[in-house]
Amino acid sequence: MATSYNAKEEDGHHSGASSHGAAGVVKSKKPDNTAFKQQRLPAWQPILTAGTVLPAFFVIGLIFIPIGIGLYVSSNNIKEFEIDYTGVDISNPCYSCAKNFSWNSTTPCVCSMNFTLEQPFESNVFMYYGLSNFYQNHRRYVKSRDDSQLNGDQSALKNPSKECEPYRTSDGLPIAPCGAIANSLFNDTLELYHIDSNNTRNTIPLVKKGIAWWTDKHVKFRNPGFIKLNKHLCTNKPVNWRKPVYELDPSDPDNNGFINEDFIVWMRTAALPTFRKLYRIIQKKSNTTPTLPSGKYVLEITYNYPVLSFDGRKRMILSTISWMGGKNPFLGIAYITVGSICFFLGVVLLIIHHKYDTRSNSADIPN
Amino acid sequence: MARETEDPGMAKASKVKRQRKKKTKENKTRTVHANLLYDNAKGEENPNRHYANNKIKTTKYTVLSFLPKNLFEQFHRFANVYFVFIALLNFVPVVNAFQPELALAPVVFILSVTAIKDLWEDYRRHRSDKEINHMDCLVYSRAERSYVEKYWKEVRVGDFIRLRCNEILPADVLLLSSSDPDRLCHIETATLDGETNLKQRQVVRSFFDLDCDFDPIKYNSIIECEKPNNDLNRFRGYIIHRSGRRDALYKENLLLRGCTIRNTEEAVGIVIYAGHETKAMLNNNGPRYKRSKLERQMNVDVFWCVIILLVMCLFAAVGHGLWMFQYGDKRPVFDVLSPDGTDLSPIMSAIYLFLTMIIVFQVLIPISLFVSIEIVKICQVYFIHQDMELYDEETDSHLQCRALNITEDLGQMQYIFSDKTGTLTENKMVFRRCTVAGVEYSHDANARRLAMYQEMDSEEEECTSHGGTLPRRDSVTSHQSARVVLRSQSTKSHRRTGSRAEAKRASILSKHTAFSSPMEKDITPDPQLLDKVNECSSQMDFMRFHSQPMSQLPSDLADVIDFFIALTICNTVVVSSPNQPRQKVRVRFELKSPVKTIEDFIKRFTPSRLTSGSNNSSSSSLITNRSSNKGCSSMLSSPSAESTLTKLDEEQPPRDLEHNFGPVLPCYDGKAWNLEEGELRYEAESPDEAALVYAARAYKCSLVGRLPDQVTMELPHLGKLNFELLHTLGFDSTRKRMSVVVRHPLTDQITVYTKGADSVIMDLIKPPDTGKRQKKIVNRTQNYLNLYAADGLRTLCIAKKIMSKEQYACWLQHHLEAETAIQGREELLFESALRLETNLQLLGATGIEDRLQDGVPETIASLRKAGLQIWVLTGDKQETAVNIAYACKLLDPEEEILTLNADSQEACALLLEESLHYIQAKFLCSSTDQAAKAFHSNFTTFEIYPSSSPSSSSSSHTPPFMVHRLGLVIDGRTLAYALDKSLEDKFLAVARSCRSVLCCRSTPLQKSMVVKLVRNKLKVMTLAIGDGANDVSMIQVADVGVGISGQEGMQAVMASDFALPRFRYLQKLLLVHGHWCYSRLANMILYFFYKNAMFVALIFWYQFYCGFSGSAMIDQWYLIFFNLMFSAFPQLITGTLDKDVSAETLQQLPQLYVNGQNSEEYKPYMFWMNMIDAFYQSLVCFFIPYFAYADSDVDLFTWGTPFTTLALFTILVHLGIETKTWTWMNWLSIAFSIALFFTVALCYNASCPTCYSPSNPYWTMQRLLQDPLFYLLCVITPVAALLPRYFYRACQGTLFPSPVQVGRQNILSLSRVKVGSPLSPKPPFLSLAKPSPKGCNIKDQRSFPSSRASQEPVLQMDERGRRSPLGPRDSEKGLSDLCTLVPTEIDTLPYTKDAPPLSGEPWPPSTKDSECLDKTLEVSDVSLSSWITSTPVLAQTDSVQLNLPPDGDSQCAKYTRNSEERLKPDHTIHPAQRTEQAVEQLLHTTL
């Protein structure tokens, strides 16, 4: 860009200088004979015709189809189980909970759902809760948080960002954590029991740490240092919360307050209105036994989170993951499709090339 | 002029003067006092204090004003205001979408880039200003009582300045004293107007007689003059002395800033205008800004973008309203209340959202587009500047782009309006032939000499060795054969004129003298005429010796000598000697000033003085020997020994003869003259003058010296003669002539010599009834004039008039009155001149050849092939113009010419009407005819408007007019009628159907009117090219004005957008650079629209998944900087460097230019196609990641970041598909873009864990890079998105390639196969054009006759069928006769092959006509070839007779005459006119 400005300068200046008779030294104005200035840089000039392009199509097709197949297979190897516990139907055990529940109810409602896993889950199982029709990506919702506060900043704690409005203060006290995202924290509690052959409920150990990004847990979210998160702190809990932030996980100080992992996961707003969030991890115990053997299971839900008002759904998902993440056959299919289309178009071009494209290589045309 | 009533002589108190000054200020004059008088009274008292000082400041800004002023200027651009508005919208909390500060960033960035650019430019100006302001000059100081050095900037109006040789003038200075004995000062004005010749400036008259040095202290006059203006050629005012005397001031007294003093040791002057008020500064207006067609088109699409934006916003707003509405009163947790806690109704919410969406989608209106376009254009200008092929070595100048922002218009031109002289021709005038007293001197030897210049050009190296063996032309052979040979020679000559070799020679020989290449200087005299001159002068000498009255001289001889005297002295040529460069030769006897007053006149013209004067003047040097010239300055005043003369008499003729008839060695020839005669240099203001003076010198009548009051010329035998120069009435374009009034030293008569255009002189000739001889001379001269004109020579008539002393005294009185008048002085002088130039006696006429510039025919041919309509607008006379037009292939001998000459409005209307009918009858109804013609080698003309042929006229925007093989010639008078409101449409209708249009005798105003008419009515892109001041108006009117920086000064260049050194560069400028600039920019603009639409649409699709809340998954930083940084560079590189077709191919295939004319790179539908493609691509780019991440735990911005990446990849690959030429720069820029994105993303995502709300993308990119899914997406998405475009491009390249693509594809084969002729019709071209019968593959003209013959029946049938309704005028028999006649003729007459359609032209009245045609063909058989070979060289006396058609032929009349005669029944044929008509007619019938 520097050269370009010079060009303009020279030009603009000619007229000015010449009239002042500042012609001065007679220097040949002959332009330099360089490839760049004469626009003769060595260049590759691809010509897009059927003949030149069709190898590209075949190559793309040949590469994409195997990749697609690979992706599809690996996606299919992932085991996934999903159960909707919203309680829309009367038959659903959670129907009554859903029916009667709202944000202001104080007593938790518990319901449990039975399900059966047809196949054992071999490796680590990830337990997600899923929400549908929940617009966590709403523009004002996304903005409604104060990262400084969550990072343990004192001043932000006492004086949260304006973005948190209208969940910034309540009763004259600043809300911690402020904002709509925190306010709408998912607060159902899910517990999973395996019912073995002799009908005993075995609690399946759910690991609640390690579900958030490492950087979130250790860098972005921090408790406000030396001051213990307690009621002496002049903050208020978010309006929808039952308990203040310092009681999210009283059992483990490393998972309490702002660095509570469930909270951190929630704070990472989902991209689409139907989403899942990692809830717990079921660690593989040994190599011999599957993590979740096939059989009957009971999901016990402490039903706190109302979604019916906006026609939302709640799900519990159990899934293993592979190198490419969760179960999603789409990418495999997409690769196969695109590859096939390329291949097909390649064939079409081949035909076109044979039928029409005889000119470009023959010399008799441009006589 | 309030002051005129006052008594100015009295020294008034300064107070009075101040008052007066105020008054005069209102009266638009300026009063200048000497500063010295007011040195003590500083400041307040100085009457000059109100005038600008000499400090110049061309900068726009100061430190303080820069910011506000620059911003103010930038906000003139609407887009900037828009973007600022949007950025400010972000500060409103309800609607803001981005962080307000961030949203300001791009606008601030754009504004600051422009501001920095402006600042830099301004700084450059400041530096040069400073340099100039600190130059030194000598200013008189009262304190020091001498001249002291001061800076330029300290010079004030009223200062006395001493100037030394070679100094540059610091201001406009009134010349008060000069060291030159003649009180002259020479200046070089090259920096002002580009003219390299010296100009004389005179000391103000009242200071003329000062014997001692000028003493500023004694100066106490007051100068009153006009206000500063930018007219370089005008300065009026007067100086009032203390005595009360006032003297007029002229432009000859004013030295302009920027000029260089030459030849004068010292000069003193008083500053009149300083600094910014100098004429040079007032003339200096910087580069021009125009808006190009492409930009206009782009603005339409920007407007569409705004509409799309609004639609999208509206859609989103409605969607949001509905989305809100479905929840009713139950507010979901994620629907956050507005910041102030109020619950918004869906409608209010939708309204706010609308505004928010405008912010989010603002990227759709490409903010960086304008900046990018500017940058690309600057780069394009840079490359055009750097093109070696546009560099002219001779003048060391290259193309100048003065307008920076219309480069792409060069690729879209449709009409070219060209000046002739100096543009198509070299403006190097070469004396060719002359006629004196009705006798023609053909100057065969001279013609041969000229021919040999050409050969010398081609064989420059072998020149000396080969020269002697050059084929000698036998000058005694019959005129016929000689002529044919000569013609063919000079046909060649035209093509090679102005070659490097010649130019180099010229520049070596005469470094500084304009118009004096050896070709122009060394004229070989005609032996016959030379004899006469010698005879005449010896007789005169004899008579003088014997004191016989000169009137006894035979009248024809007297005419000869007068003719040469006129050639020599009737001009303003200055003589200088090369020994002391730029030092004029002083020939001076006594100090005399031109006649100033009546008393002076009476005093000087008393008989006694007359005789003494004549004796004195005639007793000049006698030695006519060439060697005498060397020492002329010293020898001039030596008394003469007249006896030696006779001796020399005897020697002279044989030597001359030998010289002329001896073996002509080209090199020797030139050198000899240079050595002997070349001692004197002539510096003329116009090339014609120089040519005539050189011509006269060839006859030993050389101009030796010129002073304001006397001209010295040297004649054979007679020696040096001093002509007392009484008056010079300079040339002007209204009078078209110039005159000198001299006292003839031999006859003592007061003689007026007039030289001018034949049309005006002929009217001023004494009525022919005065003498039979004179009448004969007039008739004959007119005859030859016509012939000269037909040969394409510029004609000038020479006339004289002898005045009695009484007449002169009477005239002088009036003239002096006129001269001293202040108001209306010009008009009075004009009238005075008219009074003088009457009743002239015709002496003769000259024919001067203006040679075509190098490569003009080729350039015109290829420009025409490129589909450009070329009109030539010239001030020359019709015949000359037509012949030059043939020579430069503007008119084709094969095509028919419509000549429109009308005497009245009605006649003009009728002519136009008939022409229109004729054209319609002849061409419009016959599509098959066109098709047939299209297969002619010149098919390109039809290809221009391929779709305008009747078969497919619907698809084109060009109106259903065809360009026929027709030429239109119209003269100035008719043009004036035709340009009338009532006729202009008809005129256009006729003109646009013609392939070429030639307007002769047109005034500058008419030129611009024609351009304006075509531009406005036809809505086409026009280019005007010219070199002189008379083209300025046309250049300014046209879309693109091109100036030729030739010999005629810089006015045209100053007014132009592009300045070329030569006409032929136009070819590369238009065909290559124009095409490139256009296609690059068009593609870049389209790409810009696509890019932004594609990127914005991604967010739009997302709105469906975020409740139309205006949420963006793409981080706002990426969103804002995507255009500005990540994707900006590759498109700039492509926009600057991409070449769709190589330069060679573009020049080989001018047809590709049509691409730009029809705006094929950027059609309105293409914008929409691009938009659709953009939406498709964005759909793919959105939904592939959407489904890949559907129902996963991905968070908003982790999901959004791949979008940026994908979009970047897709956009870059898209650019890759559209890039036609990949250089390392392209690769680099793409690699850089990608690297930049990832670097920025990684840094940004690692920089701050709590900032950048709301996205807070901490560590996002880092995590994504560990995710294989991300890479998989990056591969598949661009492929899927670009698949259709890639496939389409491939198919289109194969199935229906555009001409440009064909051109590209054929590059390879072109380089393999030798391409001689223009492209034969090739399926791709033709598919656009018209139904193609058979596989006609005619390669060149040679194969034409056969194909033509095969087409003939079609044509004939067609004509018959079409004509029958037209009425009884047509004779079918005649027609069929014609048609049968044709094929037989074709084989024998190669040049008349197109004669049938031509001379079968309008409506052959009877069968007799076909015979008549036959006859003409036969008669002109011999001469035809020469007529048609397009290059006029010589028209011999005999051949004229031969060519004059028999009387019967006049019926076979050309089209014009028919109508003319019908219009003027009482038309009496004037003899001269008669012949003119005959010649014209001959032209018509034969061509």
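Naming: A, B, ... by sequence-line order, numbering from 1 per chain.
Ranked by heavy-atom pairs under 4.5 Å with chain B, the first of A/Thr215, A/Thr274, A/Leu331 is A/Thr215. Note on B/Leu1196, B/Thr1198, B/Asp1193, B/Thr1136: by heavy-atom pairs under 4.5 Å with chain A, the leading option is B/Leu1196. Ranked by heavy-atom pairs shorter than 4.5 Å toward chain B, the options A/Phe221, A/Trp323, A/Tyr167, A/Trp213 are led by A/Trp213. Interface summary for chain B: among A/Ile181, A/Val219, A/Val338, A/Ile67, the most heavy-atom pairs under 4.5 angstrom belong to A/Val219. Highest contact tally toward chain A, considering only B/Leu1269, B/Val1275, B/Leu390, B/Leu1272, is held by B/Leu1272 [criterion: heavy-atom pairs under 4.5 Å]. Annotation: maximal heavy-atom pairing with chain A below 4.5 Å, among B/Ala1143, B/Ala1280, B/Ser1192, occurs at B/Ser1192. Comparing A/Gly312, A/Ala180, A/Pro273, A/Ser184 by heavy-atom pairs within less than 4.5 Å of chain B, the highest count is held by A/Pro273. Of the residues considered (B/Cys1251, B/Ser1109, B/Ala1112), B/Ser1109 shows the highest number of contacts with chain A, using heavy-atom pairs under 4.5 Å. Each of A/Ala271, A/Ala270, A/Ser161 has some count of heavy-atom pairs under 4.5 Å with chain B, and the biggest count is that of A/Ala271. Contact tally against chain B (heavy-atom pairs below 4.5 Å) for A/Lys327, A/Arg145, A/Arg40, A/Arg315: the top residue is A/Arg315.
Neither the backbone nor the side chain of B/Val376 has a heavy atom closer than 4.5 Å to any heavy atom of chain A. With a 4.5 Å cut-off on non-hydrogen atoms, A/Glu80 does not touch chain B at all. Using a 4.5 Å cut-off between heavy atoms, B/Leu169 does not touch chain A at all. Proximity to chain B (any heavy atom under 4.5 Å) is restricted, for A/Asn240, to the side chain, taken from C-beta onward. Only the side chain of A/Ile60 comes within contact range of chain B, with heavy atoms under 4.5 Å apart. If you measure heavy-atom distances from A/Phe126 to chain B, you find no contacts under 4.5 Å at all. For B/Lys1139, the parts lying under 4.5 angstrom from a heavy atom of chain A are both the backbone and the side chain. Residue contact with chain A, scored on non-hydrogen atoms closer than 4.5 Å, involves the side chain of B/Tyr1102 exclusively. With a 4.5 angstrom heavy-atom cutoff, B/Thr1221 touches chain A via backbone and side-chain atoms both. Neither the backbone nor the side chain of A/Val307 comes within less than 4.5 Å of any heavy atom of chain B. Only the side chain of A/Leu71 has a heavy atom closer than 4.5 Å to any heavy atom of chain B. For A/Tyr128, the part lying under 4.5 angstrom from a heavy atom of chain B is the side chain only. The part of A/Lys277 that comes within reach of chain B is its backbone (N, CA, C, O), which places non-hydrogen atoms under 4.5 angstrom from that chain. When heavy atoms are compared at a cutoff of 4.5 Å, A/Asn328 approaches chain B solely by way of its side chain, counted from C-beta outward. If you measure heavy-atom distances from B/Tyr327 to chain A, the contacts under 4.5 Å come from the side chain alone. Heavy atoms of B/Phe1296 lying under 4.5 Å from chain A are absent altogether. With a 4.5 Å cut-off on non-hydrogen atoms, B/Ile1184 touches chain A through its backbone and its side chain both. Heavy-atom distances place no part of B/Met1113 under 4.5 Å from chain A, backbone and side chain included.
The closest donor-acceptor contact from the side chain of B/Thr1250 to the backbone of A/Ser148 lies at 3.5 Å or more, if one exists at all. Listed for the B/Tyr1186 side chain is no donor-acceptor partner under 3.5 Å among the backbone atoms of A/Leu272. The backbone N or O of A/Asn137 sits less than 3.5 Å from a side-chain atom of B/Ser1111, completing a donor-acceptor pair. A/Gln39 places no side-chain N or O within 3.5 Å of a backbone atom of B/Leu1137 that could act as its donor or acceptor partner.
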I would like to know whether A/Phe310 and B/Val333 meet side chain to side chain contact (heavy atoms under 4.5 Å, CB included); could you show each step before the answer? CA-CA 9 Å; A/Phe310 52 88; B/Val333 277; 4.2 Å; yes

Please step through side chain to side chain contact (heavy atoms under 4.5 Å, CB included) for the pair B/Asp335 and A/Arg140, ending with a clear verdict. CA-CA 7 Å; B/Asp335 186 14; A/Arg140 287 200 296 275; 3.5 Å; yes

B/Phe1197 vs A/Val142, test: side chain to side chain contact (heavy atoms under 4.5 Å, CB included). Steps then yes/no. CA-CA 10 Å; B/Phe1197 294 100; A/Val142 170; 4.0 Å; yes

Would B/Thr1294 and A/Leu349 count as a side chain to side chain contact (heavy atoms under 4.5 Å, CB included) here? Give the steps. CA-CA 9 Å; B/Thr1294 303; A/Leu349 285 178; over 6 Å; no

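The line from CG of B/Leu1295 to NE2 of A/His353 is 12.0 Å long, rounded to the nearest 0.5 Å. The structure places OG1 of A/Thr34 at 9.0 Å from CE of B/Met388, a figure rounded to the nearest 0.5 Å. Rounded to the nearest 0.5 angstrom, A/Gln38 CD and B/Gln386 CD are separated by 7.0 Å. B/Tyr1288 OH to A/Leu345 CG: the interatomic distance, rounded to the nearest 0.5 Å, is 15.0 Å.
Closest approach of A/Arg268 and B/Tyr1258 over heavy atoms only: NH2-O, 4.2 Å. Between A/Pro46 and B/Thr1219, the shortest heavy-atom contact is CG-O, 4.5 Å. Closest approach of B/Pro1268 to A/Met324, counting heavy atoms only: CG-CA, 4.3 Å. Smallest separation of non-hydrogen atoms from B/Phe383 and A/Lys37: CD2-O, 3.6 Å. Between A/Arg276 and B/Asp1191, the shortest heavy-atom distance links the atoms NE-O, 2.9 Å. In terms of heavy-atom proximity, A/Pro31 sits nearest to B/Asp387 at CG-O, 3.8 Å.
The aromatic rings of A/Phe330 and B/Phe1187 are tilted relative to each other, their planes meeting at an angle between 30° and 60°.
Taking the six-membered ring for Trp, B/Trp323 and A/Tyr135 have ring centres closer than 6.0 Å.
Side-chain contact check for A/Phe57 versus B/Leu1283: some heavy-atom pair is nearer than 4.5 Å. Within the 4.5 Å cutoff, no side-chain heavy atoms of A/Lys220 are placed close to those of B/Trp1259. Here the side chains of A/Trp44 and B/Asn1226 are not in contact, with every heavy-atom distance at 4.5 Å or above.
Scored by the ring pair (Phe, Tyr, Trp, His ring centres under 6.0 Å) test, B/Phe1108 finds B/Phe1104 as partners (sequence neighbours excluded). Here A/Tyr279 pairs with A/Tyr129 under the ring pair (Phe, Tyr, Trp, His ring centres under 6.0 Å) rule; sequence neighbours left out.
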